[in-house]
Amino acid sequence: MPNNDLRKKKEEFEQDNLTIYNETKEKARNEWTNFDKKFGKDSLTNLTLLSYSLGDPDSDSFSNWVEKKTSSVATISGGSAAMFYVWSEKKLYPTKFKQGMLGHHNTRIIDRSVAEIEFQKIKNTILKIILLAEKNDFKSIDELDLLSPVVKSKILYLYFPDKITSIMASTYVAEACKMMGVLFDDDHPMDSNHRLLANMKKNGEFNDWDSHKIGSFLLYLLAYRTQPSIFIAPRRREHKGAITESTDALEGYSWVDVEPYLNDDEKQKLEGRSRYHIWGNKGGRTQKQWRKMQKGDLILFYGDNIFYAAGKLYHKTHNKALADHLWDTDEDGRSWGYTFFVENLKTISIPLHLLKQLAPEVYSEGFRPQQFVEMNEKCLEKIHQEFGSVEGFLDKYSEPHILRELKAPITIQAPQKSMEQENPWNITPEMLNAELQHLYFDEPDSFFKNLCNLLNSGSNIILVGPPGTGKTEVALAVSKLAKKYVLGKDGICHVFSTATSDWTTFDTIGGYMPTKSNELEFKEGQFLRAIRDDKILVIDEINRAEIDKAFGQLFTVLSGQSVELQFLDANNLPIKLESSKEILNSFKKDNKYIIGSNWRILATMNTLDKAALYQMSYAFMRRFAFVHVDVPINKSECLKTINRQDNYDMDDALIQKIGILWDSISKSEQGKENPRQIGPAVFSSIIKLVKNSNVDPADEDKLDKILASAIIAFVLPQFEGATVETELKPLAKSLKKYEKHLARFFEEMFGEDFGNLTR
């Protein structure tokens with residue numbers, strides 16, 4: 001940015017925002033002092049799991065201070081608690097904890113004993129941050145694992161505020177570097193932040209500013225945009241003040257109400273309007289959003305699943321006196337002083353689900369506006385694509401009358417869809433990706449998109465592939481998402497079963513069983529129980545069952561027809577299975593099992609057993625959509641993902657060697673694929689075994705011995721029943737390096753001489 005422009009922006013900042021900055025600075029100074037008293041550098045060696053985790057009953061934990069109690073110092077709020085790696089909730093604390101995987105919201109419940117072990121890694125990371133910062137080695141801090149980049153940045157800033165600016169998000173640091181002509185390194189955002197601060201301190205305009213003021217100024221610069229943005233203001237029922245449904249606020253205020261509380265410049269700028277539509281915020285987390293608003297931005301007012309009003313910002317001011325006059329204070333004595341004035345206020349009718357349709361990757365099915373916030377930029381881009389501009393979007397949904405003409409609060413009902421129109425399944429690729437970050441797919445976008453399209457169009461799914469490729473995990477992830485976004489239920493909302501060769505319709509549909517009084521009574525099979533309870537049916541290894549014999553009359557129902565079973569219920573009425581496209585939920589009523597349009601069967605099929613695969617009838621196969629879950633092509637990248645997601649922290653050289661082993665097992669000498677492929681789960685077990693051995697990658701003999709033991713334990717059992725020419729010979733040749741360790745086991749397991757196989 002040219003110095004003249006920079007100087008002008010600096011003057012605007014000091015004129016428009018200095019009062020706000022000084023208030024924030026005072027709060028930040030107090031937060032810094034209190035944080036240092038509780039978690040000073042010298043006390044970090046005494047940090048415990050309970051004093052670190054968010055689950056501390058009085059919310060006085062290290063993580064809570066870093067995220068929430070020092071928000072005036074620098075904010076990192078709004079992300080997942082998973083960024084702290086291990087934490088707890090009050091309902092779990094202190095015996096159970098959660099462990100999160102960075103980059104998404106996937107978590108798992110762990111016992112306290114496991115959490116203690118993982119916490120020691122966190123504590124070591126925090127201590128390393130301190131030591132490396134003292135050496136100004138910010139690149140090494142960037143490369144530390146476990147804690148997310150914003151958490152590492154915030155910890156660094158709390159202890160060394162003179163090292164980086166108060167901007168924590170890497171995306172903002174990148175934009176700020178671009179504006180100030182500083183090279184940004186994607187892999188080292190903290191080091192880039194340090195160089196950004198040093199660059200600005202060299203500039204004569206800022207050499208007497210501290211890092212907090214420089215960071216505030218940079219955020220002020222980042223707020224400038226060339227296109228209007230959209231802000232969402234949810235209606236607050238608990239108070240008649242800011243963002244309210246009260247008639248006074250909708251009709252606006254008179255000049256007499258407003259004039260005494262304006263400064264001379266504002267009086268000159270604002271005088272002459274018939275009514276003044278004013279809203280306000282209390283600051284806190286919403287202060288950052290308030291500061292980003294610019295003249296011409298659109299404000300959408302939300303309540304009861306509908307955006308019911310919209311207007312354009314034409315003035316904003318931090319005016320506590322005006323806010324207290326119009327609305328008093330809240331029950332805690334806080335003012336709504338971050339005020340903004342809106343013009344062209346109109347009634348609109350925009351259902352909340354429109355945002356979810358425009359940007360489902362951003363706004364999930366359960367999204368509800370909770371506080372004043374800027375609309376996500378991806379959704380804003382979609383609005384520009386669909387409507388040409390923000391104004392076009394507003395015009396599309398505006399009502400013809402102005403709000404000030406109304407004499408009563410607005411009540412607008414969202415348009416209702418009929419059951420026939422409603423599609424209960426709306427699983428998105430982004431949802432699946434978030435659930436399955438720990439798995440590796442060569443082309444995840446294509447795989448997830450295809451699977452979602454099939455699910456949302458009503459297909460029952462069979463996931464097909466070699467063992468260990470994650471088929472079952474994909475099926476369970478889909479059922480988990482269906483529970484939340486389709487069924488809207490709590491608890492386990494699927495029935496999980498592993499097929500067996502003994503299955504008959506008695507196991508799946510049901511049959512007569514004698515009662516205590518020696519009378520015959522119909523007993524449901526697991527399929528009917530799933531339908532009755534409206535639960536997704538997940539069948540693992542479906543090709544282990546004799547399909548036609550096991551599914552029986554369910555064949556007909558899967559094609560959308562209703563059937564009558566040969567069984568009678570307790571009232572001697574024939575039991576019926578009825579398929580309905582209009583009823584969303586499945587249930588049992590009297591003698592009928594009603595199968596709604598949201599019910600699905602998700603199954604997995606192992607392609608290793610070709611004989612079982614081809615015994616399936618075409619009548620069965622045409623009632624399912626088949627999705628292939630293949631072994632990754634890029635096996636080294638897959639293993640790196642496993643190493644990172646499972647926190648094995650294995651040396652790259654070892655990962656590379658295991659990747660080469662996997663690749664050689666998968667292919668023959670001519671480069672053709674071995675018909676019997678091995679999935680990532682097997683090599684995840686190998687990584688774990690090698691990791692626990694603590695072998696030195698340079699010790700070739702010891703490493704070969706350990707890898708051979710891993711091959712015996714995990715790989716060779718996958719070749720049970722393999723053909724000699726097409727499967728065992730290519731396998732033996734790929735493992736010739738380990739012949740002295742494997743020869744005896746090949747003889748015992750397969751009855752074949754290893755030397756003969758490799759000739």
Side-chain angles (χ1 to χ4, degrees), residues 425 427 432 435-436 439 451 454-455 458-483 486-487 489 491-511 523-560 563 565 577 579 586 593 595-629 679 681:
W425 280 73
I427 304 299
L432 274 175
E435 290 293 330
L436 296 167
L439 298 183
L451 180 56
L454 292 170
L455 286 166
S459 297
N460 296 297
I461 302 294
I462 293 182
L463 298 159
V464 184
T469 53
K471 301 182 295 297
T472 304
E473 292 186 71
V474 172
L476 292 175
V478 170
S479 66
K480 179 181 178 181
L481 291 169
K483 174 184 73 174
V486 179
L487 304 176
K489 295 182 178 181
I492 297 174
C493 287
H494 68 268
V495 172
F496 182 86
S497 184
T498 301
T500 72
S501 59
D502 297 326
W503 264 13
T504 67
T505 54
F506 184 88
D507 303 287
T508 57
I509 303 298
K523 179 184 177 182
E524 298 171 336
Q526 52 190 302
F527 289 8
L528 292 198
R529 286 197 297 272
I531 295 168
R532 178 195 65 195
D533 297 334
D534 196 27
K535 291 184 176 181
I536 305 299
L537 181 59
V538 180
I539 306 173
D540 205 25
E541 303 290 354
I542 194 172
N543 53 324
R544 290 187 184 181
E546 192 172 338
I547 300 296
D548 295 346
K549 181 178 72 173
F551 271 68
Q553 295 92 332
L554 198 59
F555 267 137
T556 305
V557 179
L558 291 177
S559 63
V563 297
L565 304 181
L577 306 182
S579 179
S586 300
Y593 290 82
I595 304 174
S597 58
N598 66 352
W599 194 69
R600 296 285 189 279
I601 296 177
L602 307 173
T604 70
M605 179 176 290
N606 182 0
T607 55
L608 203 61
D609 192 344
K610 298 291 186 183
L613 173 65
Y614 290 115
Q615 285 177 5
M616 288 169 42
S617 69
Y618 287 108
F620 176 82
M621 295 175 69
R622 69 181 176 84
R623 286 165 169 80
F624 286 82
F626 286 72
V627 177
H628 196 222
V629 187

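Residue numbers count from 1 along this sequence. Heavy atoms only: backbone and side chains are in, while hydrogens, waters and symmetry mates are out.
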Quiz prompt | Short side-chain to backbone donor-acceptor contact, Arg600 and Leu455, under 3.5 Å | solution = yes
Quiz item: Is the shortest heavy-atom distance from the side chain of Ile539 to the side chain of Ile462 under 4.5 Å?
Solution: no
Exercise. List the atom of Trp503, the atom of Thr498, and the distance in Å for their closest heavy-atom pair.
Key: CZ2-O, 3.9 Å
Self-check item: Nearest-0.5 Å distance that lies between atom OG1 in Thr604 and atom CZ in Arg544
Solution: 8.5 Å
Quiz item: Between Thr469 (side chain) and Val629 (backbone), is there a donor-acceptor pair under 3.5 Å?
Solution: yes
Quiz prompt | Closest heavy-atom pair and its distance - Gly596, Ser586 | solution = N-OG, 2.9 Å
Self-check item: Test item: Lys471 side-chain N/O and His628 main-chain N/O as donor-acceptor pair under 3.5 Å
Solution: no
Exercise. For the pair Trp599 (side chain) and Lys535 (backbone), establish whether a donor and an acceptor sit closer than 3.5 Å, ignoring hydrogens and angles.
Key: yes
Practice problem: Determine yes or no for a side-chain-to-main-chain donor-acceptor pair under 3.5 angstrom, with Asn543 supplying the side chain and Met605 the backbone. | Solution: no
Quiz item: Would you call Asp534 and Asn598 a side-chain contact if the rule is heavy atoms closer than 4.5 Å?
Solution: yes
Quiz item: Once you round to the nearest 0.5 Å, how far does CG of Asn460 lie from CG of Leu454?
Solution: 11.0 Å
Quiz item: So which pairs with a foot in residues 524-533 pass side chain to side chain donor-acceptor pair (under 3.5 Å), sequence neighbours left out?
Solution: Ser497-Gln526, Glu524-Arg532, Glu524-Tyr593
Quiz item: Closest heavy-atom contact between Gly470 and Leu439?
Solution: O-CD1, 4.0 Å
Quiz item: In Å, rounded to the nearest 0.5 Å, how long is the span from CZ of Phe496 to OG1 of Thr472?
Solution: 5.5 Å
Exercise. Over all heavy atoms of both residues, which pair between Trp425 and Ala482 is shortest? Give the atoms and the distance, please.
Key: CH2-CB, 3.6 Å
Practice problem: Report the distance from atom CD1 of Ile509 to atom CD1 of Ile531, rounding to the nearest 0.5 Å. | Solution: 7.0 Å
Quiz prompt | Spacing of CG belonging to Leu602 relative to CD1 belonging to Ile461, to within rounding of 0.5 Å | solution = 7.0 Å
Quiz item: Is the closest side-chain heavy-atom distance between Val474 and Leu451 below 4.5 Å?
Solution: yes
Quiz item: What distance do Leu565 atom CG and Leu528 atom CG have between them, rounded to the nearest 0.5 Å?
Solution: 6.5 Å
Quiz prompt | Side-chain touch Ile427/Val478, heavy atoms, less than 4.5 angstrom | solution = no
